[in-house]
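Residue indices begin at 1 and follow the sequence shown.
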Amino acid sequence: MNGCGNPPGRRRALGAGAGALAAALLAGCAEPSGRREPTAGLPGRAAPTSGASGRAAPTSGASGRAAPTSGTSGRPAPASGASAPPTPGASGPARAPAPAPRRFPGLPVRIAHGPRDLPRVALTFDGRGDPDLALAALARCERAGARVTVLAVGTWLARHPELARRILDGGHELGNHTEHHLDLAALGESAAYEEIAACARRLRRLTGSVGAWFRPSPTTYASPLVERLARRAGYPHVLACDVESLDHAATRVAAVTRKVAGELRNGSVVELSLGRPVTVAALPLLLAEIGRRGLHAVTATELMARPATGAARAAG
């Protein structure tokens, strides 16, 4: 993801806690070392550890989570009490489908933020990259009680199909970020539609739903044509953002935390990357700052779900 598509000159005034956060960073915030840190100690959540075949797996004995059994090649086990994603020839009760896209009357097609009068924000992640880092990011969010929205690239889910249910079982929501993460604006109408529709079909096969949201690639800007194609594929809204982390280009934790903390406010939709080391390293500081300000990190659907005529608007 390369930005929210907001116009130049957007206000970058620091929030009330940005100064305190910057001071904490200057006091010795560690830069990401590229090492994948475990998130042990999360009550009721699976913490990724070094597992077989180099994949993250939940620690045995974690409250409310089942440890993987032998023969799983180090893949994370599903939540206790939840059946595994269906496999060819597998028997057992079918799982309920994931939530479908929801129409919010009174809101524009392209939604960049939620209501400004409620202390809630939505952390939204570009779903691609290293799956072990993705698991670590999810675990860190869960440790802080945050529910997030993952806009997944279809080919990423094709390589790691188990992550679709891992995201949903963690209390998060899953959406469509196109099949190959191509520049939709550079494609013809039929090719652009297929990028959206192919990812929607994959999400439906994996979860029973086309996903809760659609976000274009490579940026969150949607042309009128892309908005129309998204509606045709079943998405009444396009999810944009009003805070872009720029973590796709960052190499330092401080760059990410200062950028987000300086623009975060009630109703913000924050754009982040799920599988990048710098993002995983920055998450504890970002989540702590969200909590310090009395904000609550919720899914994008939860952020918008209120009688909100005029409370959310399109950017630009």
- Message: If I take atom CG from residue L184 and atom OG from residue S217, how far apart are they, to the nearest 0.5 angstrom?
- Response: 4.5 Å

- Would you check if V253 and L285 make a side-chain contact, meaning some heavy-atom pair closer than 4.5 Å? yes

- The reported gap from CZ in R128 to CG in L151 (rounded to nearest 0.5 angstrom) is 12.0 Å

- Message: On a heavy-atom basis, which atom in A200 and which in N176 lie closest, and how many Å separate them?
- Response: N-ND2, 3.3 Å

- Message: Would you say that V121 contacts I290 through its side chain, given a criterion of any heavy-atom pair below 4.5 Å between the two side chains?
- Response: yes

- Message: Checking the side chain of E302 only, and the main-chain atoms of T299 only, is there a donor and an acceptor separated by less than 3.5 Å?
- Response: yes

- Message: In the structure I gave you, are the side-chain heavy atoms of E289 and V260 within less than 4.5 Å of one another anywhere?
- Response: no

- Shortest non-hydrogen pair, A300 vs T149, comes out as N-OG1, 2.9 Å

- Task: Without swapping roles, check the side chain of H177 against the backbone of G127 for a donor-acceptor pair under 3.5 Å.
- Result: no

- Please collect all salt bridge (Lys or Arg N to Asp or Glu O under 4.0 Å) contacts where either partner lies in residues 217-239, sequence neighbours excluded, each pair once. E189-R228

- Sequence neighbours excluded, which residues qualify as side chain to side chain donor-acceptor pair (under 3.5 Å) partners of R202? E179

- Task: Please check if the side chain of K259 supplies one atom and the backbone of E244 the other of a donor-acceptor pair under 3.5 Å.
- Result: yes

- For L303 and S268, work out which heavy atoms get closest and say how close. CD2-O, 4.0 Å

- Sidechain-backbone polar pair: N266 side chain, R116 backbone, donor-acceptor under 3.5 Å: yes

- Message: Pair R166, E162 - check salt bridge (Lys or Arg N to Asp or Glu O under 4.0 Å), show working.
- Response: CA-CA 6 Å; R166 169 62 184 87; E162 74 283 358; over 6 Å; no

- Compare every heavy atom of P216 with every heavy atom of V238, then report the nearest pair and how far apart it is. CG1-CD, 3.4 Å

- Message: Tell me if a side-chain donor or acceptor on R276 pairs with a main-chain N or O of A250 at a distance below 3.5 Å.
- Response: yes

- Say you draw a straight line from CG of L295 to CG of L264; how long is it, rounded to the nearest 0.5 Å? 5.5 Å

- Item | D247-S273 side chain donor-acceptor pair, cut-off 3.5 Å | yes

- Hey, is the main chain of F104 close enough, under 3.5 Å, to the side chain of H237 for a donor-acceptor pair? yes

- Task: Determine whether Y193 and L225 make a side-chain contact, defined as any pair of heavy atoms from C-beta on separated by less than 4.5 Å.
- Result: no

- Go through L283 and C141 one step at a time and tell me if the side chain to side chain contact (heavy atoms under 4.5 Å, CB included) criterion holds. CA-CA 8 Å; L283 273 173; C141 291; 4.2 Å; yes

- Task: Kindly say whether A240 contributes a backbone atom to a donor-acceptor pair with the side chain of R215 at under 3.5 angstrom?
- Result: yes

- Message: Checking E195 now: which residues fulfil side chain to side chain donor-acceptor pair (under 3.5 Å) with it, not counting sequence neighbours?
- Response: H180

- Note on the structure: Sequence neighbours excluded, the answer for side chain to side chain contact (heavy atoms under 4.5 Å, CB included) partners of A164 is L157, L174, L206, T207

- Give the minimum heavy-atom separation between A146 and H172, together with the two atoms involved. O-CE1, 3.4 Å

- Query: Looking at side-chain heavy atoms only, is the closest gap between L274 and V280 below 4.5 Å?
  - Reply: no

- Note on the structure: Rounded to the nearest 0.5 Å, the CG atom of L123 sits from the CG atom of L272 at a distance of 6.0 Å

- Message: Return the OH to CZ distance between Y221 and R110, rounded to the nearest 0.5 Å.
- Response: 8.0 Å

- Report yes or no: does E173 contribute a side-chain atom to a donor-acceptor pair with the main-chain N or O of T301 at less than 3.5 Å? yes

- Task: Kindly state each residue pair satisfying ring-ring contact (aromatic ring centres under 6.0 Å, His included) with at least one member in residues 266-301, sequence neighbours excluded.
- Result: none

- Task: Return yes if some donor-acceptor pair links the side-chain N/O of S209 with the main-chain N/O of P99 below 3.5 Å, else return no.
- Result: yes

- Query: Is it the case that E271 and T124 place a side-chain donor and acceptor less than 3.5 Å from each other?
  - Reply: no

- Item | Chi angles and distances behind the side chain to side chain contact (heavy atoms under 4.5 Å, CB included) call for R201, L203 | CA-CA 5 Å; R201 291 192 298 269; L203 286 166; over 6 Å; no

- Query: For T178 and F214, what are the C-alpha separation, side-chain angles and deciding distance, and is it a side chain to side chain contact (heavy atoms under 4.5 Å, CB included)?
  - Reply: CA-CA 8 Å; T178 74; F214 167 70; 3.9 Å; yes

- Task: Apply side chain to side chain contact (heavy atoms under 4.5 Å, CB included) to the pair T251 and V278, showing each step before the final yes or no.
- Result: CA-CA 6 Å; T251 58; V278 69; over 6 Å; no

- Note on the structure: Looking only at heavy atoms, the pair that brings P236 and G234 closest together is CD-O, 3.4 Å

- Item | Point-to-point distance, once rounded to the nearest 0.5 Å, from NE2 of H113 to CD1 of I111 | 10.0 Å

- Any residue meeting salt bridge (charged side-chain N to carboxylate O under 4.0 Å, His left out) with R204, in chain and number order, not counting sequence neighbours: none

- Message: Tell me whether Y235 contacts the main-chain N or O of V210 through its side chain, where contact means a donor paired with an acceptor under 3.5 Å.
- Response: yes

